[in-house]
Amino acid sequence: MPTFTVYRLVPPHSTATLTFHFGRQGIGLEETSETLASDSLFAALVVQAALSMVEVGDDAVPAWVQPFVTGIPPLCHSSLFPAIGELPLLPRPLLPLRLAETATVQAKQLKKLRYLSPALFTAVCCGEALPATIIALQQGKVWLTEAEARRLPTPWRPAANESDEAWRKRLKVTPLWQIEATPHVTLDRLSAASAYYEVGRVVFASAVGLHVLVAFHDPAAQPVFERLLTLLGESGLGGKRTYGYGVFAWQRSTLTIDFPTPHRHAVLLSRYLPTPAELALVRDPRSTYQLVSSSGWFLAANGMTYRRQTVMMVSEGSVLAINDGQLPHGHIIDVRPDDTVAHPIYRSGMALAVPVPEVSFES
């Protein structure tokens with residue numbers, strides 16, 4: 001019965017909503033994602049550790065990172081996923097969704113689905129039929145049960161004297177987040193000629209934000225993690241922080257996800273980079289997964305910008321076959337381009353996974 005510590009990113013006292021720029025690889029500044037992958041979040045925490053901690057190793061690695069390098073991590077964390085009030089959303093598992101014959105959503109809407117509520121996530125992982133009444137939000141990207149939707153904060157919960165039909169129609173047009181393009185102008189230093197460009201940002205609605213799930217293997221790691229998360233919230237997460245994007249506060253809660261035993265599969269809540277000994281988990285014919293490319297740029301300690309090596313990782317929501325309930329572990333990797341960079345640049349492929357019972361991939 002895994003119990004995770006949930007850290008919900010909420011607006012700081014000076015603002016009403018959260019705004020981020022999470023760049024997407026291979027696309028210009030005008031595009032942004034609504035979430036941030038676990039390897040990017042880990043890299044941001046490493047930067048805060050390097051800036052705030054005096055203790056470093058011989059290779060300039062902060063002491064906080066050393067246990068991850070040696071393969072004994074004090075914690076594992078998920079990617080950032082949306083949260084509506086106190087309801088955390090989870091990635092859609094790569095498993096069949098069994099819809100009721102009288103379901104309020106249609107099979108063609110499955111292509112848009114990205115996030116499930118905890119109740120629906122549990123039902124999918126157990127191979128159970130989904131409830132006939134499903135509440136779809138954000139153009140079908142988010143699915144909730146009706147009971148969970150009625151407990152949401154305003155404006156998603158039913159208003160006084162509002163009919164169920166009117167409430168459901170209103171939910172369809174009430175966004176959880178919006179992707180906006182903000183105009184900017186840059187001037188040439190020599191000719192003063194202007195050039196127009198746009199920067200994308202994701203703006204979350206009031207009472208909507210992001211959350212990260214954390215499993216602490218060492219209780220002493222929790223206050224250090226919370227300190228780094230606080231520093232990250234003050235400095236900003238993501239890109240274009242000079243525009244005020246990325247600042248946040250956080251609130252803590254817990255989430256328990258319980259599945260019957262025996263556990264034969266694991267659903268990933270983070271990106272995963274298997275060790276050589278774990279490649280058999282991915283190659284197992286009972287596994288189903290998607291690969292995602294992780295690449296980009298980094299700012300080295302010497303003030304220069306470099307392109308880091310590209311790494312292929314297993315994406316969130318992938319389902320891996322496991323034996324004897326042994327969950328995937330993963331490892332971190334140094335992605336600096338060459339030895340001209342004096343210090344390592346780490347990306348985390350440590351897995352945070354939920355053990356689930358034997359699942360059938362037949363719809």
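In the model, T254 has no side-chain atom that pairs as donor or acceptor with a side-chain atom of T3 under 3.5 Å. For the residue pair R271/S348, the side-chain donor-acceptor check at 3.5 Å is not satisfied.
Taking the six-membered ring where the residue is Trp, F225 and F216 present perpendicular rings, their angle passing 60° and hence far from 30°. Using cut-offs of 30° and 60° for the angle between ring planes, the H77 and F42 rings count as parallel.
Counting all heavy atoms, side chain and backbone alike, P175 lies closest to V173 at CD-O, 3.3 Å. Taking all atoms of both residues into account, the shortest heavy-atom contact from P118 to L87 is CD-CD1, 3.7 Å. When all heavy atoms of P260 and P357 are compared, the pair lying nearest together is O-CB, 3.7 Å. Contact detail for L9 and L18: the closest heavy-atom pair is O-CD1, 3.1 Å. Nearest approach of Q48 to L228, heavy atoms of both residues: C-CD2, 4.0 Å.
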Go through R114 and E34 one step at a time and tell me if the salt bridge (charged side-chain N to carboxylate O under 4.0 Å, His left out) criterion holds. CA-CA 11 Å; R114 295 191 61 185; E34 72 272 8; 2.7 Å; yes

For R308 and D334, what are the C-alpha separation, side-chain angles and deciding distance, and is it a salt bridge (charged side-chain N to carboxylate O under 4.0 Å, His left out)? CA-CA 9 Å; R308 52 186 169 88; D334 183 1; over 6 Å; no

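Residues P67 and P73 have side chains not in contact (no heavy-atom distance under 4.5 Å, counting atoms from C-beta outward). With contacts defined as side-chain heavy-atom distances shorter than 4.5 Å, the pair R264/I322 does not qualify. Q309 places none of its side-chain heavy atoms less than 4.5 Å from the side chain of S295. Within the 4.5 Å cutoff, side-chain heavy atoms of I84 are placed close to those of L137. Counting heavy atoms from C-beta outward, S194 and L187 have side chains that approach closer than 4.5 Å. Under the 4.5 Å side-chain criterion, counting only non-hydrogen atoms from C-beta, L320 is not in contact with D284. Between F259 and C125, some side-chain heavy-atom pair lies under the 4.5 Å cut-off.
Crowding of Q326 atom CD: a count of heavy atoms from other residues, nucleotides or ligands under 6.0 Å not exceeding 12. Atom CD of Q290 has 12 or fewer neighbouring heavy atoms from other residues, nucleotides or ligands inside a 6.0 Å radius.
Only one option out of S78, S79, S38 pairs with E316 in a side chain to side chain donor-acceptor pair (under 3.5 Å); it is S79.
Here the side chain of H21 pairs no donor or acceptor atom with the backbone of V202 at under 3.5 angstrom.
The line from CG of L97 to CG of L120 is 8.5 Å long, rounded to the nearest 0.5 Å. In this structure, CZ on R151 lies 11.0 Å from CD on E146, to the nearest 0.5 angstrom.
Proximity of the aromatic rings of F68 and Y346 is defined here by a centroid distance below 6.0 angstrom, and this criterion is not met. Taking the six-membered ring for Trp and the full ring otherwise, Y272 and Y289 have centroids separated by 6.0 Å or more. Between Y115 and F121, the gap from one ring centroid to the other reaches at least 6.0 Å.
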